[in-house]
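These notes are about the structure you will find just below.
Worth saying up front: this structure is predicted, and the values here are computed from it rather than measured.
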Amino acid sequence: MPPKHSSTAFFKALGQAVRVERERLHLSQEELCHRADLDRTYLSGVERGVRSPNVRTLLKVADALGTKLSRLMLAAETLREAER
């Protein structure tokens, strides 16, 4: 059975992947939230890894970033592995 903290590490890495992609596109949190129809404080929590967004929310974020959800997930897995 995997350790409990593994999901915490994944959500932190997922938030980092979202932030990296957002910054690559030179988008503010506010602009991304507008595009994804999300509250900025919620997105901030996602980027910091303190929120665990559902799939519907992640799809909205990926669409607003112009990318695939699978790309964000792969980036998160890569970041998580790099921190081990």
Can you give each donor-acceptor pair under 3.5 Å made by side-chain atoms of residues 54-65, sequence neighbours left out, with the distance rounded to 0.1 Å?
from: Asn54; atom 1: OD1; to: Arg56; atom 2: N; distance (Å): 3.1
from: Asn54; atom 1: OD1; to: Thr57; atom 2: N; distance (Å): 2.7
from: Asn54; atom 1: OD1; to: Thr57; atom 2: OG1; distance (Å): 3.0
from: Lys60; atom 1: NZ; to: Asp37; atom 2: O; distance (Å): 3.4

Atom pairs and distances, donor-acceptor, side-chain atoms in residues 74-81, under 3.5 Å, two or more places apart:
from: Thr78; atom 1: OG1; to: Leu74; atom 2: O; distance (Å): 2.9
from: Glu81; atom 1: OE2; to: Arg84; atom 2: NH1; distance (Å): 3.2

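For residues 9-19, no pair satisfies salt bridge (charged side-chain N to carboxylate O under 4.0 Å, His left out), with sequence neighbours left out.
Leu38 contributes atom CG, which lies 11.0 Å from atom CZ of Arg51 (distance to the nearest 0.5 angstrom). With rounding to the nearest 0.5 Å, the separation of CD in Glu47 from CD in Glu23 is 7.0 Å.
By the side chain to side chain contact (heavy atoms under 4.5 Å, CB included) test, Arg40 pairs with Gln29, Glu30, Cys33, Ser44, sequence neighbours left out. By the salt bridge (Lys or Arg N to Asp or Glu O under 4.0 Å) test, Glu21 pairs with Arg24, Arg71, sequence neighbours left out. Partners of Arg48 according to the salt bridge (Lys or Arg N to Asp or Glu O under 4.0 Å) rule, which considers only residues two or more places apart in sequence or in another chain, do not exist here.
The nearest pair of heavy atoms linking Tyr42 to Pro53 is OH-CA, 3.2 Å. Across all non-hydrogen atoms, the minimal contact from Leu72 to Ala17 is O-CB, 3.9 Å.
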Show your working on side chain to side chain contact (heavy atoms under 4.5 Å, CB included) between Val18 and Leu43 and close with a plain yes or no. CA-CA 9 Å; Val18 169; Leu43 179 66; 4.3 Å; yes

